[in-house]
There are 2 protein chains.
Amino acid sequence: MSKHTIIRLSRYKNALYRFESLGFVKVFSDNLADAIGVTPSQVRKDFSMFGLSGNKRGGYKVDELLAKLNEILGTNKAHNVIVAGAGNLGSALIKYKGFEKENIKITAAFDIDHSKGERAGEIPVKPFDEMQEYVRQNDIRVGIIAVPDMAAQHVADVMMAGGIKGILNFAPIRLRVDEGIVVNNVNLALELENIIYFICVPMGSGKGIK
Amino acid sequence: MSKHTIIRLSRYKNALYRFESLGFVKVFSDNLADAIGVTPSQVRKDFSMFGLSGNKRGGYKVDELLAKLNEILGTNKAHNVIVAGAGNLGSALIKYKGFEKENIKITAAFDIDHSKGERAGEIPVKPFDEMQEYVRQNDIRVGIIAVPDMAAQHVADVMMAGGIKGILNFAPIRLRVDEGIVVNNVNLALELENIIYFICVPMGSGKGIK
DNA sequence: TAGATTGTTAATCGATTAACAATC
DNA sequence: TAGATTGTTAATCGATTAACAATC
């Protein structure tokens, strides 16, 4: 199943929550398509690949669809995640509100300098040495890498040694990982650079925005 | 020109800096392919689309290639950027080190509560009311949105009114923007959700990782 | 030269879109 | 029923890869 399809599934889900809060009981493929910026065909195709069905004339029931999407995406279960690196980015992630409503919780952060922000009421910042054992003991499956570039590969290795299966990597390097380990990269500088390219390219020439 | 191509160009550039620091004078399409995880064909195809040429047997000169990539991507010129929202994420971005080496500088942050982190030596946090005028006066072309979801569309509108052409949006909603405005979305919860999906899907079934 | 690598064309692959029969 | 929407198949589109002649 392609990554793009799953991303769209998440977007449908977000949109559905908004429709729900607006009082919608059912939606049509047209509504969802509009909401996330794809064609209605795409919506129906995506749904049919996961056996999500609607009524031939009544569209899709919002609550049913949401329940099924949450089940497919795994967001009906809680997931615990750790962060390596408690610098600027790491601490912002620890405090980030957006994970909660997807049932995702950051349970611990690790840093070589664990004095960083060890505050009561917040998530503990532990010494990096303890990470592997913590991962193992708490059966953590997903880790976030928010350490300097040079340390990223080592952190990834330790995460994998502890049993982590998926990594969200903020370091602008390609991690070498074992077979079957899932890595998503977020490269902030690259995102900006990309925007800069597309606003600088002369629009006239038929090039420009994709 | 497709967004994916430009992203790869940025990645080649990153890899080239690393090759350069290792003392490489020239590289082959094979080296670059390995470094960023694509096929050598892809590398040569990408380069040929931008008139980046090498030597039929000697590969590509690292310094020349870097200079040309920086020119194409616009990273040879400095770019000033603003941030809306000086909460956790906004302040982490202000302090983020990774923009500098791409010649990108955050020159100001804006928040309705501008008392947040107005510290000397750092970037000033100004009242949100002043944003539009600041954008206009300083000819800012790119803005980052790191405000709560509900405020994001309004912020985008004000940015556009000030003359901003590109937006990096961290709010998990689809922004409605004018023709020709470039938007890149970074949705942190979605990235994690996506990882969770792929590590949860039973690997055996031929599905799994893409 | 012989061998290796580029640049480019053609083939392949996968993803998106259009079309339409089924049917509520 | 007539009209509208789904579910699915076929067509299209674009991007990636393979192949190979050119050539350093």
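Small disclaimer: the values here were computed from a predicted structure and weren't measured.
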Suppose the criterion is ring-ring contact (aromatic ring centres under 6.0 Å, His included): which pairs have a residue in residues 137-168 of chain A, not counting sequence neighbours? A:Phe128-A:His154
Are there over 12 heavy-atom neighbours, none belonging to A:Glu133, within less than 6.0 Å of that residue's CD? yes
Does B:Gln137 CD have over 12 foreign heavy atoms under 6.0 Å away? yes
Distance, rounded to the nearest Å, where [X] contributes [atom1] and [N] contributes [atom2]:
X: B:Ile6; N: D:dA15; atom1: CD1; atom2: C1'; value: 14 Å
X: A:Asp46; N: C:dA15; atom1: CG; atom2: C1'; value: 10 Å
X: B:Gln42; N: C:dT5; atom1: CD; atom2: P; value: 20 Å
X: B:Asn31; N: C:dA4; atom1: CG; atom2: C1'; value: 13 Å

Report the residues that fulfil side chain to side chain donor-acceptor pair (under 3.5 Å) with A:Thr39, sequence neighbours left out, ordered by chain and then residue number. none
How far apart are the closest heavy atoms of A:Val135 and A:Gly162, and which atoms are they? CG1-O, 3.4 Å
A correct 5'-to-3' footprint of nucleotides 6-14 of chain D, with B, S and - meaning base, sugar-phosphate only and no protein heavy atom under 4.0 Å, is BBBB-----
Less than 3.5 Å apart, any donor N or O on the side chain of B:Thr75 or B:Asn103 sitting next to an acceptor on the other? no
Inter- and intrachain pairs under salt bridge (charged side-chain N to carboxylate O under 4.0 Å, His left out), touching residues 30-51 of chain A, at least two apart: A:Arg8-A:Asp46
Would you say D:dA15 has OP1 or OP2 under 4.0 Å from some side-chain N or O of B:Arg8? no
Which residues share a ring-ring contact (aromatic ring centres under 6.0 Å, His included) with B:Phe24, sequence neighbours left out: B:Phe19
Using Watson-Crick pairs (N1 to N3, plus N6-O4 or O6-N4) and G-U wobble pairs, both distances under 3.5 Å, which stems of at least 3 pairs involve DNA chain C? C:3-24 with D:3-24
